[in-house]
Peer 1: 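Would you mind keeping the following structure in view while I ask a few things?
So that the names make sense, note that chain A is the first sequence line, chain B the second, and so on, each numbered from 1.
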Amino acid sequence: YAPPNLNQNITGPFGELRDIYKNGLGDNRRSYSYHKAISYLEKLPYQVTSVYQVKNAPSIGKSLQNHIQEILSTGKLSKLEHFRDDEKVKTVSLFGSVWGIGPSNALKYYEKGHRSLEDLRHDESLTRTQRLGLQYFEDINAKIPRSEANYVENLVQEIASAIQPGISVVCGGSYRRGKSLVGDMDMIVTHSDGTSHKGFLRRLIQRLKDIDFLTEDLLIGYHEELNDDAVDTYFGLCKYPGREQRHRIDFKVYSWEQYPFGLIAWTGNDVLNRRLRILANEKGYKLDDTGLYRTILYEKHKRHKVSKLKGARVICKNEKEVFEFVGHPWLEPNERNL
DNA sequence: GGGCCAATACTG
DNA sequence: CAGTAT
DNA sequence: GCCC
């Protein structure tokens, strides 16, 4: 799945702005607006040659229309040019694209006088994960061919099965959505007997380190077996035997009951996740990667503040039932590139 | 003018 | 607790 | 940023 994208002249600059707002300025909402517009534009079956063609497009309002108009008539986008010329914006945005460095620390490092990733490398105050993010900056940012993700999915499934028969490993994310290139690998793990997933991640990770597949840890979250709804999590880097190139890989282990929700959440895309959660909200439910729950309005005595709590869980045995329950038309994974 | 997904978990 | 990430 |  690799749509041609006939509007790269527009989505290119928009993509840069999206990254600047997200990584440099920490403005996720504005970044998300560009994200949605890009998503819409890159799937158009024709090239936009006049701003009238997007007059009524969803996610493209007054401001983005003006941007498109400017690109069509001048071939450039002054807003972006301005950012490009702004060393502070440019640098902070670059720093913020390092794994482990967010907008706040990106600014902090800039104000300390750093101007390049090389400068950053010499800073003593980097945390362990920031150092890793920096060390493998190129590797982490490199797209992964679909074939390699497929190989990893099979490899991990095989090893997982050997440890615990019946374990299921699925590679989610953009891989499951059918993309020909993926950013990272999101492995979703479960077991149909409802209990064998407990404590499994620790064993899997150990095994994957033994064979030199997992190389660096970024985040580990193992839980006690008593805690039923906690999700064991692992973020890290991996590589192929005989190769040094690292890839970002995540593991999430769900109970059989949570599995359909985990699968949806980790398959995405994020636009769909938000849409589903808003729909659930409107029906008086809360949706996340572990389940669908009745919303309980909880009136705090002080003030008129009303907060929401998770109530009774709705059982869904597969993704379809979740879509159906919240009232969203069913989408195959490869139709979820919204 | 104000909401915009949601909850959790790690790190320092 | 603030920051970061998913 | 978009959309009520």
Peer 1: Using salt bridge (charged side-chain N to carboxylate O under 4.0 Å, His left out) as the criterion, list what pairs up with A:E319, not counting sequence neighbours.
Peer 2: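 Salt bridge (charged side-chain N to carboxylate O under 4.0 Å, His left out) list for A:E319, sorted by chain: A:R176, A:R336.
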Peer 1: Kindly state each residue pair satisfying ring pair (Phe, Tyr, Trp, His ring centres under 6.0 Å) with at least one member in residues 42-70 of chain A, sequence neighbours excluded.
Peer 2: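 Non-adjacent pairs meeting ring pair (Phe, Tyr, Trp, His ring centres under 6.0 Å): zero.
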Peer 1: Would you please name every residue forming a salt bridge (charged side-chain N to carboxylate O under 4.0 Å, His left out) with A:E335, sequence neighbours left out?
Peer 2: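 Not a single residue meets the salt bridge (charged side-chain N to carboxylate O under 4.0 Å, His left out) criterion with A:E335.
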Peer 1: Establish, for the pair A:K286 and A:Y293, whether the NZ or CZ atom is under 6.0 angstrom from the six-membered ring centre and no further than 45 degrees off its axis.
Peer 2: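 No, A:K286 and A:Y293 do not form such a contact.
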Peer 1: Excluding sequence neighbours, so at least two apart, what forms ring-ring contact (aromatic ring centres under 6.0 Å, His included) with A:F325?
Peer 2: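 Partners of A:F325 by the ring-ring contact (aromatic ring centres under 6.0 Å, His included) criterion, ordered by chain and then number, come out as A:Y285.
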Peer 1: Which pairs, with at least one residue in residues 99-122 of chain A and sequence neighbours excluded, count as a ring pair (Phe, Tyr, Trp, His ring centres under 6.0 Å)?
Peer 2: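 Every candidate ring pair (Phe, Tyr, Trp, His ring centres under 6.0 Å) pair involving residues 99-122 of chain A fails, so no pair, neighbours aside, qualifies.
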Peer 1: Counting only non-hydrogen atoms, which of residues 268-280 of chain A are less than 4.0 Å from DNA chain D?
Peer 2: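 Nothing qualifies; none.
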Peer 1: Looking at DNA chain C, which of residues 45-76 of chain A put a heavy atom within less than 4.0 Å of it?
Peer 2: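 None, since no heavy atom is under 4.0 Å.
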Peer 1: Can you run down the salt bridge (Lys or Arg N to Asp or Glu O under 4.0 Å) pairs that involve residues 255-272 of chain A, sequence neighbours left out, and say none if there aren't any?
Peer 2: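 Those involving residues 255-272 of chain A are A:E257-A:R313.
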Peer 1: Is there a residue in residues 96-105 of chain A whose heavy atoms reach under 4.0 Å of DNA chain C, and which residues are they?
Peer 2: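 DNA chain C contact set from residues 96-105 of chain A: A:V98, A:W99, A:G100, A:I101, A:G102, A:P103, A:S104, A:N105.
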Peer 1: Going 5' to 3' on DNA chain D, which nucleotide is the first and which the last to come under 4.0 Å of a heavy atom in chain A?
Peer 2: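 Boundary nucleotides touching chain A, in 5' to 3' order, are D:dG1 to D:dC3.
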Peer 1: By the ring pair (Phe, Tyr, Trp, His ring centres under 6.0 Å) test, which pairs, at least two apart or in different chains, include something from residues 162-216 of chain A?
Peer 2: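 Pairs touching residues 162-216 of chain A that pass the test: none.
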Peer 1: Check nucleotides 9-12 of chain B against the protein and report each pair of N or O atoms closer than 3.5 Å, with its distance, or say if there are none.
Peer 2:
unit_1	atom_1	unit_2	atom_2	d
B:dA9	OP1	A:H223	NE2	3.3
B:dG12	OP1	A:R128	N	3.4

